[in-house]
Structure formats: structure tokens, C-alpha cells
There are 2 protein chains.
Amino acid sequence: MLVCLFLFGYRDGMLNRTVRQRRTQEERSAETRARLIDATLDLLVDRGYALATTTDIAKRAGVTRGALNHHFSSKDDLVVQSVNHLLREWIGEIRQVAELVKAGSLSLSAFVDRMWELFSGKLFLVTLEHVTAARHNPYLREQLVSVTREFHAALDGTWQDFFDGTGLQKPEVGAAFNATLCLMRGMSLQTILRDDPAYYARLLGFWKTVLAGHSQQQRTGASAISDRTDQGGSQ
Amino acid sequence: MLVCLFLFGYRDGMLNRTVRQRRTQEERSAETRARLIDATLDLLVDRGYALATTTDIAKRAGVTRGALNHHFSSKDDLVVQSVNHLLREWIGEIRQVAELVKAGSLSLSAFVDRMWELFSGKLFLVTLEHVTAARHNPYLREQLVSVTREFHAALDGTWQDFFDGTGLQKPEVGAAFNATLCLMRGMSLQTILRDDPAYYARLLGFWKTVLAGHSQQQRTGASAISDRTDQGGSQ
DNA sequence: AGAAACAAACAGACAAGCATGCATGTTTGT
DNA sequence: ACAAACATGCATGCTTGTCTGTTTGTTTCT
């Protein structure tokens, strides 16, 4: 191996692909961190917070517990950073959707479907584990707040953009937004015990007509729906 | 003590209240079981499944781990029986509401509020812990199914009764029911991170108008809302 | 009716397993 | 040569289930 390094030079030799390539400290560090975060997220999903042991996480990531301990001061630190990472990723995703919305190239149906994609799958399960654990873990709870707020704000902004042209008043839009979020959260929760895509599709269909009908009803001037404005102090 | 028993007779002596009263085996057994179940439910709520240790449960119940182990074969057994107990209790509660509904003495608003009472508070937190644990615990999952079905069926029946006279078609009612359930589940979930009664009250208000408006819209003969019937194969 | 035999209810101690954090070495890059 | 990245073993604490011993209630037999 030493011979190899001598023969082919320190880095970027064309043949280095075959041997253990030399990387910078930063690269090494970044990769193991990434692998650990991925592994954490995976195990959070399919074992849950309590059963996702650091030993298993390290194993799954293909590194040793020593490496894990070197990069993250504790299990909770690892979990927090992992969840943060995931959430920020999705915030990016949301911003992309926002672009589509601004361009006006997204139907109500497609928009709702897009949101359901957000809420079904890995993201929800991870945050579910995180939230339930956070109920009894002050550190997790504390660390969770700010990112969640960010996430929620991004989503809310996109939503507002979408309904900007529909003639609905702000408070109504806010109420519909929060209701939609709660609905989807509830649907996701049910997903755990009931695996039935058609059922959720029907529910989504129902919701779309409600949203459509509701905005229509509003346009024709009906009663006030929420008693007060909800200016996004959401979590 | 032996003397006491001798003096006052075996059972039901008027003065026995002051001394350790003699109870039948069944009474003794029933009480400690009840205490253990209560303690389990409490700790499930404020420590979560993983952190609710049998040691703490026994301590909280005022009995020893030996007694716990005598009555329940394992921690999971205890948890399952506790949750079953709670759920059946609430099923009774639901049936009472059903009586009110049948008597016609419940407004839509009151009905929705009543459901929210079901979903906010202890019941939800317990089932949340149970469900999240059940995700990775086949035994819990298995045991959870039948009671949940019962619970859901009771609720669904009551709901159907309520909308029987509104002129809505069955499929619409079913869709609205499931949507309502999901909404409330989602609201409950949010409760963990956001304590803001006014917010939830607003959401509930929004939902009431949606339900009302929806049934109105239906009566005047609008489009179909759900593509297919949902005949309660819910979990 | 009273006492002995039995069974259920309960108490406390024990052992095994496991997860976390730390502390010590070793390799790799600067 | 120095520091960061990684590897490995150890020690502590905690939880669960089991096992043995004691108390309490019930039954049966005379």
C-alpha cells in the first residue's frame, strides 16, 4: 500500500480509484458525518428513538462507535443534527414548490398531492419519533423548536402564495392551512396502523373538494369562518 | 393481629375499618390490578413507553415489582391490558354520547366539541405512545388492532346516527367522518409542541363551518365528493 | 365450628443483558 | 511534529424476568 502511494503520487492519480484513495480530513469527516446522519434517520424510521442504539447506528453507517463519538457528543446530539438536516432538506424542497406556485403552474389538486408527499413517508415518521421522544426529553424539545418553526413558515408562505389569487381573505387562508396540516398529520398517523393508499387518496379527494367549495363559498360572501386572525405563530 | 381477627370475627366487623380490613382474594387482586393499570396509564402519559419502567410503575401503584409480576406476565402484557382498559372505558363514553345523538339533543357544534374532548388529553397521549411503540413491537401491534377497531366502530356508529337526518348520502358521511378523525388526530399531535387552546378552538370553529357548509352544498345537489364508498374498514 | 392443607397474592433479592460515555491506543492527513 | 480522525475495550448504570420466601385467604376434613 505504501508502495502504491509512492508510485502513483499523493492524490488524483488516475489509477487511485482502485486503491484506497487519499482524501482530505474535511472530506473524510464530512462523509462519515453524512453516513452517520443517514443511518440515524433510517434507524429512527424503522426502529424508533429508543431502539435506535448508537451501536446499531454506527454499524449501519459502516463506522465504529468511536467515530460516532468523535463527531457527536451524545446520542441526542446526533439525533438532533440528523433531524435538523432532514428538515432543512425538505425546506429546500418546499421552496422549489413555491417557485411552481408563483409561476402559477400548479393546480389545487397537484398542490395538495405535493403536500401529502411531504407528510407521508420518511419525514413524518422521523419527526413523529422525534416529537414523541421530545415530550420527555427537554434537550430534544428545545432543539426541535426553531427548525420546526422554519419548516412551518416555509410551508405557510407557499400556501399563502397559492391562495393569493383566489379571492380568499387572509384569515380564511390561514385557517385552511392549519386545518390541512392537521388533517395530513392525522392521516400520516393513521398510516401506521392502516396501509390502504386508496383510502388516503379518497380522503385527499374529499379534502380537495372541501377546499375548492370553501373558497367558492367565500367568494360568494358567506359567514366568517374563524373568529380571529391566525398570524402564523405556529410550531 | 391474630388477636384482632379473633376478636372481631372474620369479615364485616364494624370496627374493622380501623384495623387492616380483611378482603377476599378477588378484592385484593382486583384492587392491585386496578392500581397497576392506573399507574401504567399515568406513566405512559408523562414518561412515555420506553421510560415507563416496571419499577416506577410498581412504585407509583404502591405495590412491589413482585406483585406486578404476579399479575402481568411482562411489561408489554401490562401495557396492553392497560390500554385496552382505557379504550373500553372510552367506548362506554362514546355510547353515552350516542344516546344523546339519538335523542336529538346535540348540536353539530356540541358534537364536534365532544369529539375533541375524546381526542385531546390522556386518551390520545396513551394511544400515541402505544402506536409509536407498536410500530416496532409485533406483540403490541397485534394486541392493539381489535380494540382499536371496536373503538373506531363505536365512534363511526355514533357519527352515522348524527348525520342520519341531514340528508347526506352515506359515502359523504363516511368521508367526513374519517376526515374529522384525521383532523383531530393531527390537532392532538400538534398539541405536544403547541399549547394554545384558542388556536384549537379556532380550528374547531373552522371545521364546524366546513361540515355545515359541506352538508348544505350536498343538499343542494353538488358534485360527488369521494369516488367510492368507505364502509368502515378502518383501524 | 375449628384446624390443617392448600393456593393465591405479595415481597425482596438476584443474574443477565444491554446501552451509553469515556479513556486509551492507532491511523491518517497537514 | 502535530492534530484531527478513527478504533477498541472498559465500567457504570439501568431494566427486565426469574426465583425463593412470606403473608393472606380459602377449602376441606373431622
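Below, read A as the first sequence line, B as the second, and so on, with proteins coming before strands; counting in each chain starts at 1.
- Between B:Arg65 atom CZ and D:dT18 atom P the separation is 11 Å, expressed in whole Å.
- In this structure D:dC10 sits in a base pair with C:dG21, meeting the Watson-Crick or G-U test at under 3.5 Å.
- With B:Tyr49 as the aromatic partner, B:Lys75 meets the cation-pi criteria of under 6.0 angstrom to the ring centre and within 45 degrees of the ring axis.
- A salt bridge links B:Glu93 with B:Arg114; the closest basic N to acidic carboxylate O contact falls under 4.0 Å.
- Remark: P of C:dG21 and CD1 of A:Ile57 are 11 Å apart, rounded to the nearest angstrom.
- Whole-Å rounding puts the A:Leu68 CG to D:dC6 C1' distance at 12 Å.
- Whole-Å rounding puts the B:Lys75 NZ to D:dC14 C1' distance at 12 Å.
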Could you write out each protein N or O paired with an N or O of nucleotides 8-10 of chain C at a distance under 3.5 Å?
residue	atom	partner	partner atom	Å
C:dA9	OP1	B:Ser29	OG	3.4
C:dA9	OP2	B:His70	NE2	2.9
C:dC10	OP2	B:Thr32	OG1	2.9
C:dC10	OP2	B:His71	NE2	2.4

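- Side chain to side chain, B:Gln81 and B:His85 fail the donor-acceptor criterion of an N or O pair below 3.5 Å.
- Of the residues B:Leu189, B:Leu203, B:Val112, the one that meets the side-chain contact (heavy atoms from CB on, under 4.5 Å) test with B:Met184 is B:Val112.
- A heavy atom lying under 4.0 Å from DNA chain D marks the following residues of residues 34-55 of chain B, by number: B:Thr53, B:Thr54, B:Thr55.
- Cation-pi geometry between B:Arg194 and B:Tyr199 is satisfied (NZ or CZ under 6.0 Å from the ring centre, within 45° of the ring normal).
- Between A:Arg47 and A:Glu129 there is no salt bridge, since no side-chain nitrogen of the basic residue lies less than 4.0 Å from a carboxylate oxygen of the acidic one.
- For B:Phe124 and B:Phe119, the ring centers are positioned 6.0 Å apart or more.
- A:Ser74 comes within 4.0 angstrom of the backbone, heavy atoms only, and of no base.
- Atom-to-atom, CG of B:Asn69 to C1' of D:dG21 comes out at 15 Å; the value is rounded to the nearest Å.
- In this structure, the side chains of B:Leu155 and B:Val97 stay at 4.5 Å or more apart for every pair of heavy atoms.
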